Structure formats: structure tokens, C-alpha cells
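In what follows, a single structure is set out as C-alpha cells and then discussed.
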There are 2 protein chains.
Amino acid sequence: MTEAVPPTQTVLLAPTPASWVDYAVAHWRLLLVDHANCEKKAASTALSLMFAYSEDRKLSGALSRLAREELRHFEQVQRIMQTLDVPDVRQKPGRYAAGLRAAMLKTEPARKLDVLLVGALIEARSAERFRLLVPRLPDPLAEFYAALERSEARHFELYLNLAREADESDGGGECARRLAVLAAREAELATAPDRVFRFHSGAPV
Amino acid sequence: MTEAVPPTQTVLLAPTPASWVDYAVAHWRLLLVDHANCEKKAASTALSLMFAYSEDRKLSGALSRLAREELRHFEQVQRIMQTLDVPDVRQKPGRYAAGLRAAMLKTEPARKLDVLLVGALIEARSAERFRLLVPRLPDPLAEFYAALERSEARHFELYLNLAREADESDGGGECARRLAVLAAREAELATAPDRVFRFHSGAPV
């Protein structure tokens with residue numbers, strides 16, 4: 001019997017390079033610092049969507065709950081950093097979020113669809129990387145990341161469902177078309193050689 | 001025996017005008033719409049401070065928990081709006097937040113102190129207004145606002161304590177000096193005649 005492919009993996013067009021996983025395992029302290037920042041950014045992105053689409057009450061409620069969960073994860077990462085004596089250092093952002101943002105359409109209603117699909121892709125990639133890291137890291141990190149993989153997978157489903165509902169095209173085909181375009185860009189950003197190491201960076205050079 | 005003055009009231013330099021309370025009771029549906037927005041903005045402000053002062057781990061952790069609580073309140077307001085059939089409408093912001101922002105010092109470390117003091121003042125004013133509204137509104141609003149008054153009072157204490165810790169002046173007198181300046185501006189914004197009705201607006205004209 002082969003292991004079932006998690007739903008999150010079906011949208012990722014390329015797996016994370018083994019070299020990224022090796023680097024992350026060797027530099028887990030650096031990873032934790034960026035991870036804390038990712039949780040904050042995830043909450044901030046959800047909040048900015050709540051402001052941008054405030055008339056969409058269902059979306060606002062769902063993203064408010066999601067933002068609360070990301071903030072709780074942020075607090076958990078902070079506690080683990082404290083326990084493991086990892087200092088906070090300011091890091092410049094990697095290319096991933098800016099690269100995805102550049103690929104998004106800028107005018108409504110296309111923008112709303114794109115921003116939700118990008119949210120789904122980021123959550124899917126996060127879940128994939130947590131899954132790859134769990135067997136390679138010691139506790140308490142392994143245990144924590146296993147729990148986070150399950151959360152990210154739920155967030156992926158949420159963003160994808162919101163995107164499907166935001167698709168106003170005839171027959172709803174626009175969602176799949178844009179997902180293909182954005183997923184191709186995402187896979188490139190997550191795998192191409194990258195001088196900067198971050199949670200969502202490409203193959204370390 | 002006279003009723004004890006809540007700690008939040010000691011920093012407010014003028015009480016909310018009776019005319020604002022009358023107007024709010026008569027227009028509670030309009031109030032709810034702005035209230036939902038205030039909870040979102042409160043979470044967003046806390047998050048922006050977490051990014052601005054990310055090296056301050058204690059502040060980040062405290063504000064993350066605060067942001068989660070504001071988001072939970074947002075979800076509660078949304079549910080009450082649903083129950084009471086209050087539609088979401090987009091409202092232009094009132095003068096209060098922009099007026100307070102204009103009174104803040106712009107360079108560090110003065111900015112950090114000011115932004116925390118402004119946070120304390122907004123929470124204090126919110127607690128005061130919830131307290132004034134509770135005896136005038138029917139349930140479920142009265143009950144909800146009574147619970148919120150207690151939360152806002154806790155948030156006031158938190159912001160004030162963070163401000164005291166951020167005071168780098170000799171003897172710590174800068175905190176009290178800036179509080180006096182900012183509280184005077186706050187009292188003016190919350191009481192002077194105001195053409196726009198909002199949760200933090202002045203006397204309705």
C-alpha cells in the first residue's frame with residue numbers, strides 16, 4: 001500500500017527540494033525566527049482581506065477565526081523560541097510573498113479570486129514543508145510542526161473554498177485557470193535556486 | 001456611598017456628552033456597524049505594533065493575545081448583527097483615530113510611548129461608553145456591552161503598563177507628560193461637536 005497523498009499536495013506543482021529540507025534541519029533556529037514572522041504575516045494578510053472585503057460577512061468571519069489561530073501559533077513559536085533560547089533577529093523578507101503578489105491580477109473581481117488562491121497555495125506549501133520536517137526534527141519541534149501541518153491543511157481547504165465561491169465566471173472555470181497560473185509561479189519560487197534561506201525559500205545556493 | 005470610579009475614567013479628561021449617549025441609543029444599528037469596524041481596527045493596530053516592535057518579545061506576546069480577543073469580539077458583533085438583522089454598510093472613518101494619530105510624536109523612542117498611550121486612551125474611552133450604554137440598551141446588546149466594558153478595561157491596563165515600560169526618560173516622567181497632552185486631545189475629539197456619528201465621535205450636531 002502506498003501512503004495517501006494529502007489534499008494540499010495536489011495543488012503544488014513541484015515538491016520542496018531535498019536540499020531545502022537538509023538546510024532547514026541544520027538551521028532550525030533560523031527557520032524558527034522566520035516561522036514566527038510567517039505566522040504574524042498570515043494573521044495580517046487575513047485581517048487585510050477582512051478590511052478589503054468587509055461586505056462579505058462569511059469571508060470576514062472565517063478569516064477572523066483563521067487570524068486568531070495564526071496568532072495563537074505565533075505565540076506558540078515565541079514560547080518555543082524562549083524555551084530553546086533562540087533570539088529574535090530582524091530578517092529581510094524573502095522573495096516568495098513578493099513574487100506571488102507580483103503574479104496576482106490587480107483589478108476586481110479578479111484580484112479577490114487571486115488573493116484567495118495565493119492564500120491556499122501558501123498554506124499548502126507550509127503544510128508540505130512541516131510534513132517534510134517532522135521526521136527530521138527533535139521534539140518539541142517535531143510534535144509542534146505535526147500539529148501545524150494539520151492546521152495549515154485546514155486553512156488550505158478554507159482558502160480554496162472561499163476562492164471557489166469568489167469565482168464569478170460562467171461555469172466557474174476561472175478558479176481552476178488562475179490556480180494553474182499561480183501554482184506554476186509558486187512552484188518556481190519554492191524550488192529555483194535562492195540565495196536567501198527562509199521558510200518559503202527555494203533551493204539553497 | 002458613592003460608586004467607585006473605574007480606573008479607566010481617571011485618564012479621561014472629559015466625560016462623553018449625554019447627547020452622544022442619547023444619539024447612540026436611538027441609532028444602535030449604526031453604532032453596531034462602526035463597532036464591528038472598531039474591533040477589526042483594534043486587532044489591526046495591535047498587529048502593526050507587533051511588526052514595528054518585533055524585537056520586544058513581551059510586547060508582541062501581549063498584543064497577540066489582545067488582537068485575538070479583539071477578533072473574537074468582532075465575530076461576536078457579527079453574530080449579533082446577524083441575529084438583529086443589521087446589514088453591513090461601508091462607513092467613512094470618523095475624525096477620532098486620525099486626530100489622535102496627528103497628535104502623536106513621529107520619531108523613536110517617543111513614537112512607541114505615544115502609540116501605547118493612545119491605545120490606552122482609546123480602550124479607556126471605549127470602556128466608558130460601553131458602561132454608559134449598558135443601562136440604556138436592551139439585551140442581548142446590554143449584556144454583551146457589559147462584558148466588553150470589562151475587556152476594554154483590561155486592555156487599558158495592558159497598554160498603560162506597556163507604555164510605562166517603554167518610558168526611557170530619567171525618573172519615568174515622560175509617560176505622565178505625554179499622557180496629559182494626548183488625553184487633552186482625546187477629550188476634545190470625544191466631546192467637541194461632530195457632524196459624523198461613530199463609536200468614538202463627539203457631540204452630535
Side-chain angles (χ1 to χ4, degrees), chain A residues 29-30 32-93 97 108 151 155 158 198, chain B residues 29-30 32-93 97 108 151 155 158 198:
Chain A
R29 290 174 168 269
L30 217 52
L32 265 180
V33 176
D34 189 50
H35 177 193
N37 202 41
C38 286
E39 298 288 358
K40 255 193 307 191
K41 275 194 294 185
S44 171
T45 299
L47 249 167
S48 69
L49 294 180
M50 290 165 62
F51 281 104
Y53 305 109
S54 59
E55 67 289 345
D56 188 340
R57 196 175 278 181
K58 188 190 161 188
L59 178 138
S60 281
L63 291 180
S64 179
R65 288 187 294 276
L66 181 140
R68 284 200 284 120
E69 203 173 333
E70 308 282 19
L71 287 169
R72 210 170 49 237
H73 296 164
F74 167 74
E75 293 159 37
Q76 289 169 335
V77 182
Q78 265 206 329
R79 273 196 294 277
I80 286 185
M81 286 171 74
Q82 192 105 36
T83 307
L84 302 177
D85 209 17
V86 178
D88 266 308
V89 285
R90 238 170 231 269
Q91 294 176 327
K92 269 191 252 184
E108 298 296 356
S151 294
H155 297 171
L158 171 69
R198 292 286 182 272
Chain B
R29 291 174 166 268
L30 217 52
L32 265 181
V33 176
D34 190 48
H35 177 192
N37 203 42
C38 286
E39 298 289 359
K40 254 192 309 191
K41 276 193 294 185
S44 171
T45 299
L47 249 167
S48 70
L49 294 180
M50 290 165 62
F51 280 105
Y53 305 109
S54 60
E55 67 290 345
D56 187 339
R57 197 175 279 180
K58 189 189 159 190
L59 178 138
S60 282
L63 291 180
S64 179
R65 288 186 294 277
L66 181 140
R68 284 201 282 121
E69 203 173 333
E70 309 282 18
L71 287 168
R72 210 170 51 236
H73 295 165
F74 167 75
E75 293 160 36
Q76 289 168 335
V77 183
Q78 266 205 328
R79 274 196 294 276
I80 285 186
M81 287 172 73
Q82 192 106 33
T83 307
L84 302 177
D85 209 17
V86 178
D88 265 309
V89 285
R90 241 172 228 267
Q91 293 176 326
K92 270 192 249 180
E108 298 297 356
S151 294
H155 297 171
L158 170 68
R198 293 286 182 273

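Values in this document were obtained by computation on a predicted structure and should not be read as measured data. Reminder, nothing fancy here: chain letters follow the sequence lines and each chain counts from 1.
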- [ ] Examine whether an atom of Ser60(A) lies under 4.5 Å from a heavy atom of chain B, and if so say whether it belongs to the side chain, the backbone or both; otherwise answer neither.
- [x] both
Please table the atom pairs, donor to acceptor, closer than 3.5 Å between any side-chain atom in residues 79-89 of chain B and protein atoms at least two apart or in another chain.
residue	atom	partner	partner atom	Å
Thr83(B)	OG1	Arg79(B)	O	2.8
Asp88(B)	OD2	Arg57(A)	NE	3.0

- [ ] Mind checking the CZ-CE spacing from Phe74(B) to Met50(A)? Nearest 0.5 Å is all I need.
- [x] 4.0 Å
Open item on the list: Measuring only between side-chain heavy atoms, which start at C-beta, is Leu71(A) closer than 4.5 Å to Arg65(B)?
Closed with: no
Task: side-chain contact (heavy atoms from CB on, under 4.5 Å) assessment of Arg68(B) paired with Glu75(A) - done: CA-CA 11 Å; Arg68(B) 284 201 282 121; Glu75(A) 293 159 37; 2.7 Å; yes
Task: Most chain A-contacting option - heavy-atom pairs closer than 4.5 Å, from Gln78(B), Glu55(B), Glu70(B), Arg72(B) - done: Gln78(B)
TODO: Just give me the residue among Ala67(A), Ala36(A), Ser44(A) that pairs up with chain B most often, heavy atom to heavy atom, under 4.5 Å.
DONE: Ser44(A)
TODO: Return yes if some donor-acceptor pair links the side-chain N/O of Lys40(A) with the main-chain N/O of Leu47(B) below 3.5 Å, else return no.
DONE: no
